[in-house]
Amino acid sequence: MSAPPAAAIAAAKGALAKALRVVVLTGAGVSAESGIPTFRGPGGLWKQFRAEDLATPIAFGRDPRLVWEWYAWRREEVAQCRPNPAHLALARWMGSRPGVTLVSQNVDDLHERAAGEVARDAEAAARAAPIRLHGSLFHDRCARCDHRARGGAVDATSVATLPHCPACGGLMRPDVVWFGEMLPVRAVEAAFAAAGEAEACLVVGTTGAVYPAAGVAHTAKAAGAAVIIVDPGATELDAIADFRLQGKAGEVVPLLLG
Ligand code: BV8
Ligand code: ZN
């Protein structure tokens with residue numbers, strides 16, 4: 001897929017340059033070129049299961065071993081991946097100018113790793129870290145007492161071998177937001193506050209099908225922001241796009257932000 005016309009990129013670049021405050025929303029597509037399968041794209045299925053089937057408290061209640069096997073597989077997959085040029089361009093850009101808030105639906109840690117690679121100091125790396133709407137693949141929390149811990153290797157051969165809580169002995173679960181579960185309140189507040197005062201909104205690699213995350217783009221639009229969408233396919237947010245850049249994040253984002 002060739003890159004969008006230079007004029008289209010230049011126009012979107014202009015909208016970003018004149019915006020004092022920008023909100024960026026990313027989805028699985030920004031990590032696709034790092035080798036992480038998207039949810040709805042090719043390879044989105046794990047064994048024969050859809051994400052919506054496994055990423056739910058009901059599925060975990062019914063078969064925690066199976067759900068943990070899926071997350072353990074994703075942890076190993078992501079650990080072998082590296083940030084791609086889109087993650088790196090975003091991190092560099094956020095280190096080079098104020099007023100940008102990065103909001104991600106992704107539970108992988110590639111935005112943080114990119115920030116760690118390009119930021120000149122810890123403060124700049126922290127500024128380039130995303131607001132995580134759906135939690136993190138590499139953290140666990142107790143399904144009973146909410147005790148939190150850094151996630152490690154998981155032996156999913158039986159429920160007895162799964163990670164258990166050092167505080168109450170309960171079963172640990174991945175510290176992610178499952179369908180039907182509330183998002184972390186502080187993350188939602190920070191994301192929608194940034195969207196409500198944005199003059200530009202850059203959307204990269206999301207179908208915009210999952211709520212309330214997709215509401216970040218709609219809130220920015222309603223606040224008068226110019227909406228820029230980077231995606232090779234059609235998205236449910238295309239109707240609110242002012243600049244639609246059809247292409248892969250790893251190719252288009254460096255051109256847009258470089
Ligand atoms: C809640 C963590 C309420 C786990 C995830 C309003 C309307 C309709 C439905 C709802 C609604 N409000 C709530 C709902 C229900 C539900 C929902 O949205 N359902 C959808 C499916 C219709 N939402 C919820 O359940 C949320 N919770 O509402 O709680 C509540 C209130 C009170 C009390 C209790 C509860 C929680 C949703 C969060 C679920 N967790 N992830 C995990 O990862 O395991 S969602 C997960 O799926 C991801 O995080 C992400 O959000 C979503 C996948 O979407 P995308 O990232 O967009 O990925 P996708 O594969 O779809 O698309 C990839 C895109 O990339 C495509 O456009 C493709 O073209 C593009 N692409 C491909 N290659 C590239 C590329 N782009 C650029 N470059 C490339 N190279
Ligand atoms: Zn516990």
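Remember, it's 1-based here, ligands and their atoms both numbered in the order they're listed. Numbers for residues simply follow the sequence, beginning at 1.
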Which option wins on minimum heavy-atom distance to atom 44 (O) of ligand 1: Phe179, Tyr71, Trp178? Tyr71
Would the distance check show the side chain of Arg113 and the main-chain N or O of Cys81 forming a donor-acceptor pair, the cut-off being under 3.5 Å? yes
Shortest heavy-atom approach to atom 33 (C) of ligand 1 - which of Lys248, Met182, Gln105, Glu33: Met182
So how many protein N, O or S atoms does the Zn ion (ligand 2) have within less than 2.8 Å? 4
Any donor-acceptor pair under 3.5 Å linking the side-chain atoms of Ser34 with those of Asn84? yes
Can you check side-chain hydrogen bond (donor to acceptor under 3.5 Å, both in side chains) on Ser31 and His111, steps first, answer last? CA-CA 9 Å; Ser31 297; His111 281 305; over 6 Å; no
Would a distance-only check, ignoring hydrogens and angles, find a side-chain to backbone donor-acceptor pair under 3.5 Å from His134 to Val107? no
Is a side-chain N or O of Arg173 found less than 3.5 angstrom from the main chain of Val176, in a donor-acceptor match? yes
Under a 4.0 Å N-O cut-off, is there an ion pair linking Asp53 with Arg62? no
Could you go through the side-chain contact (heavy atoms from CB on, under 4.5 Å) check for Leu257 and Leu16 one step at a time? CA-CA 9 Å; Leu257 304 183; Leu16 288 171; 3.8 Å; yes
With heavy atoms under 4.0 Å as the rule, classify the contact between Ala28 and ligand 1 as side chain, backbone, both or neither. both
Any idea which atoms of ligand 1 are less than 4.0 Å away from a heavy-atom of Gly27? 56 (O)
Contact check: Ala32 vs ligand 1, nitrogen or oxygen atoms, below 3.5 angstrom: no
Relative to the heavy atoms of Ala249, which atoms of ligand 1 are at a distance of less than 4.0 Å? 77 (C), 78 (N), 79 (C)
I want to know if ligand 1 touches Asp231 in the polar sense, i.e. an N/O pair below 3.5 angstrom. yes
Mark the output for Ala213 as yes if a heavy-atom distance to ligand 1 is under 4.0 Å, and as no if none is. no
Contact list for residues 155-171, test salt bridge (charged side-chain N to carboxylate O under 4.0 Å, His left out), sequence neighbours left out: none
Please report whether ligand 1 has a polar contact with Gly247, defined as an N or O pair separated by less than 3.5 Å (distance criterion only). no
Would you say ligand 1 has an N or O under 3.5 Å from any N or O of Trp70? no
Please tabulate, for side-chain N and O atoms in residues 221-229, each donor-acceptor pair with protein atoms closer than 3.5 Å (sequence neighbours left out).
residue, atom, partner, partner atom, Å
Lys221, NZ, Ile240, O, 3.2
Lys221, NZ, Asp242, OD1, 2.9
Lys221, NZ, Asp242, OD2, 3.0

Would you say Leu237 and His218 make side-chain contact, with heavy atoms under 4.5 Å? yes
Could you list all the salt bridge (charged side-chain N to carboxylate O under 4.0 Å, His left out) pairs where at least one residue sits in residues 81-98, not counting sequence neighbours? Arg82-Glu117
Which part of Val107 is near ligand 1, with near meaning a heavy atom under 4.0 Å away: side chain, backbone, both or neither? side chain
When clusters are formed by joining ILVMFWY residues with side-chain heavy atoms under 4.5 Å apart, either directly or through shared neighbours, do Val204 and Val210 land in the same one? no
Using heavy atoms and a threshold below 4.0 Å, how should the contact between Ala209 and ligand 1 be classified: side chain, backbone, both, or neither? backbone
Using a 4.0 Å heavy-atom cut-off, say whether Arg74 meets ligand 1 through its side chain, its backbone, both or neither. side chain
For Leu54, is the nearest heavy atom under 4.0 Å from an atom of ligand 1? no
With hydrophobic residues grouped by side-chain heavy-atom distances under 4.5 Å, do Met94 and Val230 end up in a single group? yes
Test of understanding: given a 4.0 Å heavy-atom threshold, classify the contact between Leu183 and ligand 1 as side chain, backbone, both, or neither. side chain
